Amino acid sequence: MGIAVGFINIVSAGGSMLTLPMLIFFGLPSTVANGTNRIAILFQNCFALYQFHKNGHLNWRLSLMLAVPTTIASVYGARIAVNIADETFDTLLATFMVIFAILLIIKPQRFMKRDFNLKVSIPLLLVAFTLIGFYGGTLQAGVGFFISLILLMLIPRIPMAEVHGIKTLVVTIYVSISLLVFIFNDMIDWKFAIALSIGSAIGGSFGGKYASIMPDRLLQRILIGAIIFFALILILK
């Protein structure tokens with residue numbers, strides 16, 4: 001699963017939408033699966049950050065500014081996540097998986113304006129990233145996609161490479177802090193976390209190699225189908 005998700009996260013997006021339900025199906029309690037998944041995310045992002053920095057695609061000033069409200073909100077979200085009932089978590093996860101699949105189908109970024117007032121966008125960015133931080137601390141799955149949508153909507157003509165760099169750095173910062181909540185509450189299965197992290201690194205390497213030759217439309221259809229399938233299984237469960 002780590003290899004598959006690492007590949008998906010490089011050539012597409014939304015790998016955690018598959019990791020979380022699979023960890024649950026493997027027998028982990030939902031809250032433990034939620035914490036375990038974050039180890040692999042942190043591990044994978046650290047490798048990605050080096051590449052973004054090396055290629056000059058990291059906007060440190062904007063990323064760190066956005067990381068502050070995101071991180072604070074993520075800690076509150078994580079505190080809720082460790083106390084949430086498994087049935088409630090599964091229902092929330094399935095709901096957001098369906099929403100994520102719908103957004104992939106609709107592609108709302110096609111309708112976003114490119115002449116937005118930057119003076120207005122900064123306060124909106126701070127509010128949006130506060131909400132994203134709370135969601136990321138609670139569920140995490142699909143947060144990278146939501147971050148990308150917000151950045152494309154509120155920052156005119158931002159390069160996609162910079163979007164990915166900001167997304168990766170912000171997620172790395174808030175996950176490294178909110179993860180402590182899961183560790184202190186003993187909600188990490190380290191054997192699964194290590195296996196998932198190693199797999200993600202291998203999958204990411206394959207993804208980097210084949211990203212340019214894999215058809216985007218095919219990858220999105222596979223991802224949408226898998227997300228809807230796992231969401232239905234979670235609901236039935």
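Throughout, residue positions are numbered sequentially from 1 according to the sequence presented. From a predicted model like this one, the values you see are computed outputs, not experimental measurements.
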Check: Does L131 share a hydrophobic cluster with V175, counting links as ILVMFWY side-chain heavy atoms below 4.5 Å and allowing steps through other members?
Finding: no
Item checked: Note, I194 side chain near I198 side chain (heavy atom, < 4.5 Å) -> yes
Next item on the list: Starting at CD1 of I41, measure out to OG of S176 and round the result to the nearest 0.5 Å.
Entry: 12.0 Å
Margin query: Can you give me the closest heavy-atom contact between G35 and L179, atom names plus distance?
Written below: O-CD1, 3.9 Å
Next item on the list: Provide the closest heavy-atom pair for S178 versus A78 in the form atom of the first, atom of the second, distance.
Entry: O-CB, 3.9 Å
Note to self: Please verify the inter-ring angle class for Y135 with F146; under 30° counts as parallel, over 60° as perpendicular, anything in between as tilted.
What the structure shows: perpendicular
Next item on the list: Evaluate side-chain contact (heavy atoms from CB on, under 4.5 Å) for F129 paired with L151, printing each intermediate quantity in order.
Entry: CA-CA 10 Å; F129 273 75; L151 290 173; 3.9 Å; yes
Check: Would L154 and M65 show up in the same hydrophobic cluster when neighbours are defined by side-chain heavy atoms closer than 4.5 Å?
Finding: yes
Checklist line | From CA spacing to verdict: side-chain hydrogen bond (donor to acceptor under 3.5 Å, both in side chains), S30, D90 | finding: CA-CA 7 Å; S30 299; D90 292 351; 2.6 Å; yes
Notebook entry, point to check: Would you say N34 and I84 make side-chain contact, with heavy atoms under 4.5 Å?
Noted result: no
Check: How far does CZ of F96 sit from CD1 of I102, to the nearest 0.5 angstrom?
Finding: 12.0 Å
Notebook entry, point to check: What heavy-atom pair brings I188 and A193 nearest, and what distance separates the two atoms?
Noted result: CG2-CB, 4.3 Å
Next item on the list: Working to the nearest 0.5 Å, report the span between NZ of K167 and CD1 of I132.
Entry: 11.5 Å
Checklist line | Pairwise distance CD(E162) to OG(S63) - rounded to 0.5 angstrom | finding: 7.5 Å
Check: Does the gap between the ring centers of Y76 and F134 come in under 6.0 Å?
Finding: no
Checklist line | Shortest non-hydrogen separation from S200 to Q44 and the atoms involved | finding: CB-OE1, 3.5 Å
Notebook entry, point to check: Do T36 and W190 have side chains that get closer than 4.5 Å, going by heavy atoms?
Noted result: no
Check: Would T31 and F182 satisfy side-chain contact (heavy atoms from CB on, under 4.5 Å), going step by step from the backbone distance to the final call?
Finding: CA-CA 9 Å; T31 49; F182 292 90; 5.8 Å; no
Checklist line | Joint hydrophobic cluster, V143 plus I72, side-chain heavy atoms closer than 4.5 Å | finding: no
Item checked: side-chain contact (heavy atoms from CB on, under 4.5 Å) partner of Q140, chosen from V171, T19, L93 -> V171
Check: So, for M187 and V82, which heavy atoms are closest and what is the spacing to 0.1 Å?
Finding: CE-O, 3.0 Å
Next item on the list: Mind checking side-chain hydrogen bond (donor to acceptor under 3.5 Å, both in side chains) for T130 and listing every partner two or more places apart, or none if nothing turns up?
Entry: none
Check: Quick one: OG1 on T172 to CZ on F43, what's the gap to the nearest 0.5 Å?
Finding: 12.5 Å
Next item on the list: Decide side-chain contact (heavy atoms from CB on, under 4.5 Å) for I166 and L58; before the verdict, give the C-alpha distance in whole Å, the side-chain angles of both, and the deciding distance to 0.1 Å.
Entry: CA-CA 6 Å; I166 293 172; L58 275 181; over 6 Å; no
Next item on the list: Check whether L126 and L124 end up in the same hydrophobic cluster, where Ile, Leu, Val, Met, Phe, Trp and Tyr are linked by side-chain heavy atoms less than 4.5 Å apart.
Entry: yes
Margin query: Test of understanding: clusters of I, L, V, M, F, W, Y form through side-chain heavy atoms closer than 4.5 Å, transitively. Do M22 and L92 belong to the same one?
Written below: yes
Checklist line | Under 3.5 Å: donor-acceptor pair, side chain of T70, backbone of G133 | finding: no
Check: side-chain contact (heavy atoms from CB on, under 4.5 Å) between I155 and L125: does it pass, once the steps are laid out?
Finding: CA-CA 9 Å; I155 302 180; L125 278 170; 4.0 Å; yes
Checklist line | Result of checking I39, N37, L23 against F192 for side-chain contact (heavy atoms from CB on, under 4.5 Å) | finding: L23
Note to self: To the nearest 0.5 Å, what is the distance between CD1 on I80 and CZ on F89?
What the structure shows: 13.0 Å
Next item on the list: Please tell me if the side chains of M97 and L20 come closer than 4.5 Å, counting only heavy atoms from C-beta onward.
Entry: no
Check: Would you say the side chain of N59 lies within less than 4.5 Å of the side chain of R61, judging by non-hydrogen atoms?
Finding: yes
